[in-house]
Protein chains: 2
Amino acid sequence: MRSSSSSSAHASAKHDHTKCISAALDTAEQLCVVRGVQLTPIRLQVLKLIWESHQAVKAYELLDRLKPLKQEAKPATVYRALDFLIEQGLIHRIESLNAFIGCHYSGQQHEQLLLICKECHEVEERSAPAVMDALSSEIDQAGFIAHSKAIEIHGICAKCSKETDAQG
Amino acid sequence: MRSSSSSSAHASAKHDHTKCISAALDTAEQLCVVRGVQLTPIRLQVLKLIWESHQAVKAYELLDRLKPLKQEAKPATVYRALDFLIEQGLIHRIESLNAFIGCHYSGQQHEQLLLICKECHEVEERSAPAVMDALSSEIDQAGFIAHSKAIEIHGICAKCSKETDAQG
DNA sequence: ATCGAATATGTTATATTATCACAACTTTGT
DNA sequence: ACAAAGTTGTGATAATATAACATATTCGAT
């Protein structure tokens, strides 16, 4: 059992998640039009499923949730949609979890700090310019040419550590 | 085919890799003694195999290389050894590659910047204190409690980008 | 409107990565 | 010598991801 359903409940209470979803989908549609790429029904559906929460979600979980809506869905169906969404910067792949999360900064610079809570599995995305600047200069010093700069931090988020305090 | 064998050749030319290996193994043995944990023959052998190069190596590659030396070797044999070596901070797991690399800073603080070359697959480890400091304060600002702070950067290393220049 | 190219999807099979469960063996402390 | 803890052997299987090829759809040029 995961503690996440209850933990994410208060998170949802704190913000209007329907706005998160509609903002993300609007941005996605606009970006795809501008770029001349197809946000097909499958891709849109997968994006919606990912945005159902702020928790990282696994490919086969998405497949299970997609099947009722699309009976022919197979692993490739999901992985292709995920590949597209990642290419377009609409979602992040969390390497350390083999999981996926909607991106809050689609269309902007796409190098963020991901704070991944072990307790509620929610992921907070921060642009963290100070960190990214320090990182860039460290990389330059090494003579390295970076193609991607994702940072994944695992730990306990503010909400969950407060809860633990209260209970402890 | 991988371009790595030739690329890593000049890397090896640049340093005495037998020293890398013996230093790593010495440190490992000492740390395990101090900590009262067992660096068994299997674990030591896997550590040696990982240290054969500065390239990230996959679990099943290790298994293939281990089998000639240990015919009973199975996936669990390798994964158990890897789990142990990671727990003891003797190797890093590179999440974005599902691969493993020897740690240069075993026994010291264990949060580093990993620069992973797409060309030669070598991994450079840097302690990058400026980045880590900026990261810590960003994490603090978020009210997050970090348990791990690994940063994996993919790109082209200094050596390989010079080679490309020369050839291009 | 229709043709061809490019793109997207359907479908089956399989590759890759990782863990579980339980028995047997080894090491350590008493 | 014995028990407890730790390690390894072994077989099965779970979880994650891709390959290959056929079919269908979309889009632009004629």
Side-chain angles (χ1 to χ4, degrees), chain A residues 2 28-29 31-47 49-50 55-88 90-101 121 152, chain B residues 2 28-29 31-47 49-50 55-88 90-101 121 152:
Chain A
R2 318 207 312 190
E29 304 224 24
L31 280 177
C32 289
V33 168
V34 168
R35 293 171 181 171
V37 296
Q38 302 176 45
L39 188 59
T40 63
I42 291 177
R43 291 164 175 177
L44 180 58
Q45 186 58 68
V46 170
L47 184 59
L49 290 173
I50 289 173
Q55 293 172 237
V57 57
K58 306 220 146 206
Y60 278 73
E61 275 176 48
L62 288 169
L63 179 55
D64 289 343
R65 295 204 227 147
L66 185 58
K67 270 179 182 159
L69 308 167
K70 188 119 190 46
Q71 304 202 324
E72 329 84 287
K74 301 267 183 326
T77 315
V78 168
Y79 280 105
R80 283 167 179 161
L82 291 170
D83 286 347
F84 172 86
L85 296 170
I86 290 168
E87 265 173 28
Q88 297 304 320
L90 300 173
I91 64 173
H92 292 286
R93 177 184 164 84
I94 301 177
E95 301 289 351
S96 47
L97 292 179
N98 298 327
F100 304 86
I101 188 86
H121 305 104
E152 301 179 5
Chain B
R2 315 207 316 190
E29 304 224 26
L31 280 177
C32 288
V33 169
V34 169
R35 293 172 181 169
V37 296
Q38 303 175 45
L39 188 58
T40 62
I42 291 178
R43 291 164 176 178
L44 179 58
Q45 186 58 69
V46 169
L47 184 59
L49 290 173
I50 289 173
Q55 293 172 238
V57 57
K58 305 220 147 205
Y60 278 73
E61 276 177 47
L62 288 170
L63 179 55
D64 290 343
R65 296 203 225 147
L66 185 58
K67 271 180 181 160
L69 308 168
K70 190 119 190 45
Q71 305 202 325
E72 328 85 285
K74 301 267 181 329
T77 315
V78 168
Y79 280 105
R80 283 168 180 159
L82 290 171
D83 286 347
F84 172 85
L85 296 170
I86 290 168
E87 264 174 28
Q88 298 303 321
L90 301 173
I91 63 173
H92 291 286
R93 177 184 164 85
I94 300 178
E95 301 289 352
S96 48
L97 293 179
N98 297 326
F100 304 86
I101 189 84
H121 305 104
E152 301 179 7

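Atom set for the values below is all heavy atoms of this structure, side chains included, hydrogens, waters and symmetry mates excluded. Throughout, protein chains are lettered first and strands after them, A, B, ... in sequence-line order, and every chain is numbered starting at 1.
- Closest approach of B:R93 to B:N98, counting heavy atoms only: NH2-OD1, 2.9 Å.
- Between A:R43 atom CZ and C:dG10 atom P there is a gap of 11 Å when expressed in whole angstrom units.
- Not one N or O on the side chain of A:E29 forms a donor-acceptor pair closer than 3.5 Å with the backbone of A:L39.
- Proximity of A:T40 to the phosphate of C:dT9: a side-chain N or O atom is located under 4.0 Å from OP1 or OP2.
- Counting only heavy atoms from C-beta outward, the side chains of A:L90 and A:I50 never approach each other to under 4.5 Å.
- One axis for each end of the helix from C:dA1-D:dT30 to C:dT30-D:dA1, each built from five base pairs, and the angle between them comes to 30° at 10° resolution.
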Checklist entry - side-chain contact (heavy atoms from CB on, under 4.5 Å) between B:L63 and B:T77: does it pass, once the steps are laid out? => result CA-CA 8 Å; B:L63 179 55; B:T77 315; 5.5 Å; no

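- One can find a donor-acceptor pair under 3.5 Å joining the base of D:dA17 and the side-chain atoms of A:Y60.
- In this model, the phosphate group of D:dT16 is approached by a side-chain N or O of A:K58 to a distance below 4.0 Å at OP1 or OP2.
- Residue A:L85 contributes atom CG, which lies 12 Å from atom P of C:dA8 at whole-angstrom precision.
- Atom-to-atom, CZ of A:F84 to C1' of D:dT26 comes out at 14 Å; the value is rounded to the nearest Å.
- With the nearest nucleotide of DNA chain D identified for both B:V37 and A:A76, B:V37 has the one nearer the 5' end.
- Looking only at distances, a side-chain donor or acceptor of B:R65 sits under 3.5 Å from a matching main-chain atom of B:L49.
- Comparing C:dT17, D:dG9, D:dT18 by their nearest atom to the side chain of B:I42 picks out D:dG9.
- Each of A:K70 and B:A59 was assigned the nucleotide of DNA chain C with the nearest heavy atom; the assignment lying further toward the 5' end belongs to A:K70.
- Comparing C:dT11, D:dA17, C:dC20 by their nearest atom to the side chain of A:T77 picks out C:dT11.
- Atom CG in A:L97 sits about 13 Å away from atom P in C:dA18, given to the nearest Å.
- Rounded to an integer number of Å, the gap from A:Y79 OH to D:dA17 P is 4 Å.
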Checklist entry - A:F84 and A:T40: side-chain contact (heavy atoms from CB on, under 4.5 Å), yes or no, with the steps? => result CA-CA 10 Å; A:F84 172 86; A:T40 63; over 6 Å; no

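- A salt bridge links A:K70 and A:E72; the closest N-O separation between the charged side-chain nitrogens and carboxylate oxygens is under 4.0 Å.
- For A:Q38, counting side-chain heavy atoms from C-beta on, the closest listed nucleotide (C:dT7, C:dT19, C:dT12) is C:dT7.
- When heavy atoms are screened at a 4.0 angstrom cut-off, B:R80 is found touching base atoms of the nucleic acid.
- Distance, B:Q45 CD to D:dT7 P: 18 Å, rounded to whole Å.
- Atom CG of A:N98 and atom P of D:dA15 are 13 Å apart (whole Å).
- Whole-Å rounding puts the A:D83 CG to D:dA19 C1' distance at 13 Å.
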